[in-house]
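This report refers to the structure that appears directly beneath it.
The analysis underlying the following values was restricted to heavy atoms, covering all of them including side chains, and did not include hydrogens, waters or symmetry mates. Here is how names work: the chains are called A, B, and so on, in the same order as the sequence lines, proteins then strands, and each is numbered from 1.
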There are 2 protein chains.
Amino acid sequence: MFRLSKITDYGIVLLSHMAGSDDRAGDHVIHNARELADHVDLPLPVVSKILKSLAREGVLESHRGARGGYSLKTNAERLTVAQMITVLEGPVAMTECADSAGQCLHEESCAMRSPWQLINHVVKNALEEISLADLIRATDPLAAILSSPIQPDQPARLGDG
Amino acid sequence: MFRLSKITDYGIVLLSHMAGSDDRAGDHVIHNARELADHVDLPLPVVSKILKSLAREGVLESHRGARGGYSLKTNAERLTVAQMITVLEGPVAMTECADSAGQCLHEESCAMRSPWQLINHVVKNALEEISLADLIRATDPLAAILSSPIQPDQPARLGDG
DNA sequence: ACTATATCGGACCAAATCGGTCCTGTAAAT
DNA sequence: ATTTACAGGACCGATTTGGTCCGATATAGT
Ligand code: FES
Ligand code: FES
């Protein structure tokens, strides 16, 4: 179906919410799982599971014990969608042979390795152009960008410019 | 896992093979399923299944009966990876709410619709930049492009230049 | 007309993946 | 000590995927 998993979907929503409520100085506010679950209207265990893995992978910082929770560990400008996806569902590898060598049966007789790498590269690159900050900025001034396709000779980078 | 399904993977390989063996004048050669299955070293029923759906969706033209088979219906320059993916596994919609309105439960209270559309748009756009012709061209002169990341101020379009 | 060749459409099943829940343990604050 | 909240992972039902198989139909060649 070519979709991101729901875990990834939810995870990015959670990260956006957290980044959006960080104070202006850029300090990282602590949110606990229950609070976040309420906010995005998802079951606590699900949210909890996602936050745990985000913490394990170093995207969030966890604070245990009473009044604990999670806070962003990275600057929202620097955290890309590609990274979030990678953390939440493994490396962006559109097919088995898109990665480096050795995985695929055919490989020798196959003229497709480079093509797959091309596809993979282009998608990965596109996802690396979007930062978490772009996402929380996107709610309004996006319309203009969305209505017209991104031109190759225009900057592909969004938000920063 | 953020992968294309194997059907899609195989399908694109098959299309590449067919496009690659079209004669120089651009005429579309007929290949039958068995021949193609041998060539890409996959079980006949699998290849057959894929070709059937490609034909049903109008990407291939089918020729029934003895000495029948399939031929490309579209120019390889015009057929994009985005189209192939769409045909083989449905529209590129990275999350449920990436499409147009009405699907999602939250939607009202949700600040994520535009962000998802942004992500979806960027990926879709990237996939639309690659044509089948690009893929069969990619085997050799690609290395240089792949080794250095695409710069935003360089052309994002590959193959045509 | 008969036969061999191929596609057409869909049913079918096993295996893998996904989405979600739950439980036990541990660290911190009061 | 008690309460709060994260850590880690087992677990299970539901869905999706990957792959096979079959009966029907259309065409080419004899
Ligand atoms: S290397 Fe895997 S199919 Fe080509
Ligand atoms: S519209 Fe679906 S989560 Fe926002």
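- Close approach of DNA chain D to chain B, defined as any atom under 4.0 Å from a non-hydrogen atom of the protein, starts and stops at D/dG18 to D/dG29.
- Heavy-atom contacts of chain A under 4.0 Å fall on DNA chain C between two terminal nucleotides, which in 5' to 3' order are C/dG19 to C/dT30.
- The shortest heavy-atom contact between B/Ser62 and B/Ala55 is CB-CB, 4.2 Å.
- A/Leu79 and A/Ile7 fall within a single hydrophobic cluster, where Ile, Leu, Val, Met, Phe, Trp and Tyr side chains are chained together by heavy-atom contacts under 4.5 Å.
- Interatomic distance, B/Leu15 CG to B/Leu135 CG, rounded to the nearest 0.5 Å: 9.5 Å.
- Note on A/Arg56: only backbone sugar-phosphate atoms sit closer than 4.0 angstrom, heavy atoms only; bases stay farther off.
- Listed by chain and residue number, A/Leu4, A/Ser5, A/Ile12, A/Ile85, A/Leu88, A/Glu89 satisfy the side chain to side chain contact (heavy atoms under 4.5 Å, CB included) test with A/Thr8 (two or more places apart in sequence, or in another chain).
- Panel note: side chain B/Arg34, backbone B/Leu44; no donor-acceptor pair is recorded below 3.5 Å.
- A salt bridge between A/Asp134 and A/Arg137 is present, with a side-chain N of the basic residue lying under 4.0 Å from a carboxylate O of the acidic one.
- Mapping B/Gly69 and A/Gly65 onto DNA chain C via the closest heavy atom, the residue that lands nearer the 5' end is B/Gly69.
- Of the two residues contacting DNA chain D, namely A/Phe2 and A/Arg34, the nearest-nucleotide position lying further toward the 5' end is that of A/Arg34.
- Remark: the backbone N or O of B/Gly68 is not paired with any side-chain donor or acceptor of B/Asn32 at under 3.5 angstrom.
- In this pair, B/Phe2 and A/Phe2 present their aromatic rings parallel. The plane angle is below 30°, not in the 30 to 60° band.
- Residue order along DNA chain D, read from the 5' end via each residue's closest nucleotide, puts A/Tyr70 first among A/Lys49 and A/Tyr70.
- Across all strands, A/Lys6 comes closer than 4.0 Å only to sugar-phosphate atoms, never to a base (heavy-atom distances).
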